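All remarks here apply to the structure that follows.
Order of the sequence lines sets the chain letters (A, B, ...), proteins ahead of strands, with each chain counted from 1. The structure presented is a predicted model; accordingly, all values stated were derived computationally and were not measured.
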Protein chains: 2
Amino acid sequence: MVDHESRIQKRNKDSIMNAALEIFSMYGFRGATVDLIANACGLSKPNLLYYYQTKEQIHIELLSQLMDSWLAPLREIDENGDPFSEIMGYVSRKLHMSKTLPRESRLFANEIIQGAPRINHVLQNDLKTLVDEKALVIQKWIDEGLIAKVHPHHLIFSIWSLTQHYADFDVQVQAVLVNEDPFENAESYLETLFSKLLTI
Amino acid sequence: MVDHESRIQKRNKDSIMNAALEIFSMYGFRGATVDLIANACGLSKPNLLYYYQTKEQIHIELLSQLMDSWLAPLREIDENGDPFSEIMGYVSRKLHMSKTLPRESRLFANEIIQGAPRINHVLQNDLKTLVDEKALVIQKWIDEGLIAKVHPHHLIFSIWSLTQHYADFDVQVQAVLVNEDPFENAESYLETLFSKLLTI
DNA sequence: CTTTAGTTTTACCAGTTGGTAAAATATAAA
DNA sequence: TTTATATTTTACCAACTGGTAAAACTAAAG
């Protein structure tokens, strides 16, 4: 009971993180309340605070638990692979994450739109390092004449914005595409877009 | 004094709307407080509530005041103009709005990410109608062989996401591009992207 | 200058917020 | 079964929340 979590602890912590994801992704940090999270996972507020001492701690814990898996698709880009399939694979993985993990996408979107007060340092260190590294790989591919000349950083931004849009702005997309599955046509639209963009 | 606002009324209402934009765009509806808005415009809370009766009224008023100007760039697309310059003009106008009106962009982003509870009907009526109308124009251009075959709705979504990204996710973009003006390269990047996408 | 209407402040309220203390209960080890 | 530990509940608190009432002040019309 000293160096590992009990079954109860694991179950409750997982349940709290799931509820926190639900609430924080819907309302942002300031708009979320501990009571809302507690209700969402069926615990009393003091019981929840027995596992995580403050609202901010829950939020930080949640963000850092998700950060790695959020950046994983970018990490997977292999400089020794085929440039086209590497980039298209990244687009495809990001789009798939928007489809299967929309709450996570909105959690990060809320945090960043609201100024990222709790993950600014992660953006400036881990994220910047990773992006700069992959931008160099893209630049190398350009220099080798394997893909068209595009601004590497903006290429990455455009992949983020285009794929995450379907999760973050889901309500708007759904309002316009009433009886259509957005992701069905998004996949082929983005394939065309990046294919044309990167072809020399 | 009956059918027009006094100078004091106009000054205070404008000042409140400006402060409300500042606060709501930073924290979303639930995260914003009347006190924060009141402090931001140097009025006492009861004084502010003398001009707008509730927090929700301020928010709704703000959103509806901005909605028209927010959709204006799309409205300007002229079906009788040159398809390329019409679409590139739209991209350019949207990007310019992200640069000059980032708070407005984040206000809408916050509202939509959080489920658009207060403007869902606008999305489903005004926005959908306008988008469908312009999608038809784009489809016409495609049918006439003037631009490449792309999914019109997704083309519009991609213009939204790519341009608004620079306002909404500004903190993230700045974290990566530390000493660079994002908009300088964004303009030419997006020009290249849409040019390649739409060329047959 | 006085009256009236418009504006601002002061004092307040009930409900919510993040969080705590301590008692009560459940679990598991000896 | 006893004991120690882990978990949950109850009762609470000070600060903040959206909002109100009414008094005090200001500006403008007659």
Practice problem: Answer yes or no for A:Lys99 and A:Tyr166: cation-pi contact, defined as NZ/CZ to six-membered ring centre under 6.0 Å and angle to ring axis within 45°. | Solution: no
Exercise. Looking only at side-chain atoms of B:Gln9, point me to the closest of D:dT8, D:dG18, C:dG6.
Key: C:dG6
Quiz prompt | Distance-only side-chain donor-acceptor flag, B:His59 / B:Tyr52, under 3.5 Å | solution = no
Quiz item: Distance only, no hydrogens: is a donor on one side chain within 3.5 Å (strictly under) of an acceptor on the other, for A:Asp143 and A:Gln139?
Solution: yes
Quiz prompt | Most 5' of B:Asn12 and B:Arg30 on DNA chain C, judged by nearest nucleotide | solution = B:Asn12
Practice problem: Mind checking salt bridge (charged side-chain N to carboxylate O under 4.0 Å, His left out) for A:Glu191 and listing every partner two or more places apart, or none if nothing turns up? | Solution: none
Practice problem: With DNA chain D as reference, determine whether B:Arg7 or B:Val34 sits nearer its 5' end, using the nearest nucleotide of each. | Solution: B:Val34
Quiz item: side chain to side chain contact (heavy atoms under 4.5 Å, CB included) with B:Leu107: which of B:Ile112, B:Leu101, B:Leu66, B:Ile23?
Solution: B:Leu66
Quiz item: Listed in order of residue number, which residues of residues 35-61 of chain A have a non-hydrogen atom at under 4.0 Å from DNA chain D?
Solution: A:Ser44, A:Pro46, A:Asn47, A:Tyr50, A:Tyr51
Quiz item: Atom OH of A:Tyr27 and atom P of C:dG18: how far apart are they, to the nearest Å?
Solution: 13 Å
Quiz item: What is the ring orientation for A:His151 with A:His153, classed by angle as parallel under 30°, tilted 30 to 60°, or perpendicular over 60°?
Solution: tilted
